[in-house]
Amino acid sequence: MNFQRVGLMIDCSRNAVRSVSAIKRMVDIMETIGLNMLMLYTEDTYEIKERPYFGYLRGRYTQEELREIDSYCMEHHVELIPCIQTLAHLNAMMRWREFDDVVDCNDILFVGEDKTYELIDDILKTVSKTFQTNIVHIGMDEAGMLGMGKYRQKNGYTNPKTIMKEHLTRVAAIAEKYGLQPLIWSDMLFQVNEGGAKNEISELIPECVTPVYWDYYSVDKAHYKVKIKEHQNLGKPFWYAGGLWTWTGFSPHNGYSIRECRAAIESCAENGVENIFFTMWGDNGAETSVFSVLPSIYYVSQLAKGIYDEAQIKQGFEELTGIAFDEFMLLDIPEITNSAENCDKTVNPDKYMLYNDYFLGIYDAITDGSKNQIYHNTASSLDKLTQNREYGYLFQTIQSLCNVLAVKNDLGIRTRKAYRGGDRETLQALLDDYTKTEVALNIFYENLKVQWYRENKPFGFEVQDARLGGLIHRTRSCRERIKLYLAGEIDCIEELEEEILDPECIKDENKREIWENAWNKSFIGTI
């Protein structure tokens, strides 16, 4: 194998901005295992001195911090590449009226508006004087509503392909002005050209722009071969980005990430892709530590060198971390995420069942008490690992989460069953489980807080305070209402009178794990 670049991308926009010390810690690991490129994904979480509202109250990196990280990377043989946005994914910025004139709709910039390009000029000027590399990833992905807001009001309906070409051409010209070579995510190129001739896609791409093919959703090598061929048909070099799954809740998905990335790396190597990197997103809260996917990071570093022997990889990982590979993999809660029925997909009951409401029971139809023992066993198996000096805090977080779920996972189911069956004795006994859950939640909260402040800037933890604080109060509230019901002070618990339906509207009684990452989907009320 002969990859020019093999690297990582760390999300520093979705609630968590990784601290300078944590980034340096990751760079140390990267140098040791032979990874030579790092991207920090920053939507608005970097300083533009002319734009005080850009990244305001988000924990943005100062230019001095980025230069410090950049210098550290260079000293450790890692190229630091800025990874920003110049079309969509700018919803945090758009909450401020300062940017009203550059908003088209949703989180998408107003293409064709001069003020939009004044902003992008400030962005790229800042990037050019902050980083030593001349490569910049300018994003431009997932803008599905491109041109459907103010642009349409001003210009009427316009083919998205035309809009995309106009915007990409103007942004590329600004990049060239500052001596920058842009990368872009390739998905919008294919989306706006849907139904068009293949050669029309390449016509959208200015000479200086390099597409990046991203794909995290298959463990099939043949799938990647097909997609790589589609990108080769563009007639110019492109990069590949895979996924190390840190974006589905509190625990990682190392098992799936390794299977996915192995298929992709093999296909990239066989088909001449020279630059590859692996993303660590933080969707919906950035609860998962980027260090919790060290098994995946190490595995892909070895695959990129052509090392496929699993015993050799596991031995090297233990030498690197001091922890056996299979023990580190316990962070996955493997009996659930790597079970036979789930190993080739991603499921995250550790998140949606954590927030699943006791009385509303939105996910009660798909779960039962059979997983409680798994959570209990996982918590027990993590015991000795919590004492590890370097990584023990990761295991403490997942252990305390499992201790919550070992009781809470089916607490709503047991509550509804006892209530609807008129079993007041069981309801009385369940009050102890509500108390146990509240105690366990407080311990989990404290451990998550330790993890957060060790790896991230403090900004963003207010979201965890609100979510977990609300859950703790809801636990107490439900317990108090059961007590009122048992004391005869209220006649019924209205939520428990409701029949529970399948959350995916599937008309069967199969128990299963699903993927649902939006914490507030556990509630019905508008919040």
Side-chain angles (χ1 to χ4, degrees), residues 13 41 43-44 83-95 99-121 123-124 136-176 180-217 226-241 279 281 283:
S13 289
Y41 176 74
E43 293 172 354
D44 65 331
C83 187
I84 60 175
Q85 287 289 356
T86 56
L87 179 59
H89 283 297
L90 290 165
N91 55 300
M93 177 195 83
M94 291 173 177
R95 69 178 295 165
F99 300 104
D100 282 354
D101 291 341
V102 302
V103 178
D104 180 15
C105 63
N106 300 341
D107 62 353
I108 302 171
L109 291 174
F110 189 173
V111 174
E113 177 65 25
D114 286 344
K115 290 185 178 180
T116 297
Y117 301 98
E118 291 171 10
L119 170 63
I120 292 172
D121 192 286
I123 287 172
L124 294 177
V136 57
H137 197 318
I138 59 173
M140 296 206 184
D141 59 315
E142 297 184 321
M145 295 294 288
L146 178 64
M148 299 304 289
K150 292 178 186 173
Y151 186 97
R152 185 169 183 171
Q153 293 172 4
K154 180 179 179 180
N155 302 292
Y157 173 77
T158 306
N159 189 316
K161 188 187 304 185
T162 302
I163 303 173
M164 188 71 184
K165 184 172 184 177
E166 173 191 357
H167 186 63
L168 186 50
T169 300
R170 291 188 69 170
V171 176
I174 298 171
E176 283 193 287
L180 298 171
Q181 298 178 8
L183 306 170
I184 61 165
W185 304 112
S186 68
D187 57 293
M188 284 301 295
L189 301 175
F190 288 88
Q191 182 174 328
V192 299
N193 192 59
E194 188 173 2
K198 292 180 180 179
N199 67 318
E200 293 178 11
I201 300 178
S202 58
E203 293 173 2
L204 296 173
I205 312 171
E207 182 69 24
C208 66
V209 173
T210 299
V212 179
Y213 157 46
W214 61 270
D215 197 338
Y216 331 126
Y217 301 107
V226 170
K227 295 295 183 180
I228 288 171
K229 182 63 175 176
E230 289 178 357
H231 284 75
Q232 288 173 334
N233 288 338
L234 299 178
K236 63 184 306 172
F238 64 93
W239 294 22
Y240 168 75
T279 61
W281 297 105
D283 299 22

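Nothing fancy with the numbering, it's 1 onward along the sequence.
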(Q) Taking side chain to side chain donor-acceptor pair (under 3.5 Å) as the definition, give me every residue that meets it alongside Asp283, ordered by chain and number, with sequence neighbours left out. (A) Arg14

(Q) Between Asp187 and Trp214, is there a side-chain heavy-atom distance shorter than 4.5 Å? (A) yes

Q | Exercise: identify the closest heavy-atom pair between Leu189 and Leu204 | A | O-CD1, 4.0 Å

**Q.** Member of Leu119, Thr116, Val136, Ile120 meeting the side chain to side chain contact (heavy atoms under 4.5 Å, CB included) criterion with Thr86
**A.** Ile120

Q. If you measure from OG on Ser186 to CG on Leu234, what distance do you get to the nearest 0.5 Å?
A. 7.5 Å

**Q.** Met140 vs Val171, side chain to side chain contact (heavy atoms under 4.5 Å, CB included): CA-CA, chis, key distance, verdict
**A.** CA-CA 10 Å; Met140 296 206 184; Val171 176; 3.7 Å; yes

(Q) Nearest 0.5 Å, please: how far is CG in Asp141 from CD in Gln191? (A) 10.5 Å

Q: Flag yes if more than 12 heavy atoms outside Arg170 fall under 6.0 Å of its CZ atom; otherwise flag no.
A: yes

Q. Quick one: side-chain contact (heavy atoms from CB on, under 4.5 Å) partners of Glu230, sequence neighbours excluded?
A. Phe190, Val226, Lys227

For residues 153-164, run the donor-acceptor check on the side chains, cut-off 3.5 Å, and write out each pair with its distance to 0.1 Å, sequence neighbours left out.
| residue | atom | partner | partner atom | Å |
| --- | --- | --- | --- | --- |
| Asn155 | ND2 | Tyr151 | O | 3.1 |
| Thr158 | OG1 | Gly156 | O | 3.3 |
| Asn159 | OD1 | Lys161 | N | 2.8 |
| Lys161 | NZ | Asn193 | OD1 | 2.7 |
| Lys161 | NZ | Glu200 | OE1 | 2.4 |

Q: Would you name the heavy atoms of Pro237 and Pro211 that are closest together and state the gap between them?
A: O-CD, 3.5 Å

Q.
Is any side-chain heavy atom of Lys115 closer than 4.5 Å to one of Phe110?
A. no

Q.
Just to verify, what does Thr210 make a side chain to side chain donor-acceptor pair (under 3.5 Å) with, not counting sequence neighbours?
A. none

Q: Go through the structure and list residues passing side-chain contact (heavy atoms from CB on, under 4.5 Å) with Asp100, not counting sequence neighbours.
A: Arg97

**Q.** ring pair (Phe, Tyr, Trp, His ring centres under 6.0 Å) partners of His137, counting only residues at least two apart
**A.** Trp185

Q: Just jot down the ring pair (Phe, Tyr, Trp, His ring centres under 6.0 Å) partners of Tyr117, sequence neighbours excluded, or say none.
A: His167

Q | For Trp281, side chain to side chain donor-acceptor pair (under 3.5 Å) partners two or more places apart | A | Tyr216, Thr279

Q: Considering non-hydrogen atoms only, spot the tightest contact between Pro182 and Ala175 and give its length.
A: CG-CB, 3.6 Å

(Q) Within the structure provided, determine whether Met93 and Val102 are in side-chain contact (heavy-atom separation under 4.5 Å). (A) yes

Q: Would you please name every residue forming a ring pair (Phe, Tyr, Trp, His ring centres under 6.0 Å) with Tyr213, sequence neighbours left out?
A: His231, Tyr240

Q: To the nearest 0.5 angstrom, please state how far the SG atom of Cys208 sits from the CD atom of Gln181.
A: 8.0 Å

Q) Can you list the residues that meet the side chain to side chain donor-acceptor pair (under 3.5 Å) rule with Asp104, with sequence neighbours excluded? A) none

Q: Heavy atoms only: give me the nearest Leu124-Ile138 pair and the separation to one decimal.
A: CD2-CG2, 4.2 Å

Q | Pairing residues for Lys236 by the salt bridge (Lys or Arg N to Asp or Glu O under 4.0 Å) criterion, not counting sequence neighbours | A | none

Q: Mind running side chain to side chain contact (heavy atoms under 4.5 Å, CB included) on Leu90 and Leu109 for me, showing each step along the way?
A: CA-CA 8 Å; Leu90 290 165; Leu109 291 174; 3.8 Å; yes

(Q) Restricting to non-hydrogen atoms, name the atom on Pro206 and the atom on Thr169 that form the minimum distance, rounded to 0.1 Å. (A) CG-CA, 4.2 Å

Q | Rounded distance (nearest 0.5 Å) linking atom CZ of Phe238 with atom CD1 of Ile205 | A | 11.0 Å

Q. To the nearest 0.5 Å, what is the distance between CZ (Phe99) and CE (Met94)?
A. 9.5 Å

Q.
Nearest 0.5 angstrom please: Leu87 CG to Glu142 CD, how far?
A. 11.0 Å

**Q.** Contacts of Asn91 that satisfy side-chain contact (heavy atoms from CB on, under 4.5 Å) - sequence neighbours left out
**A.** Glu43, Asp107

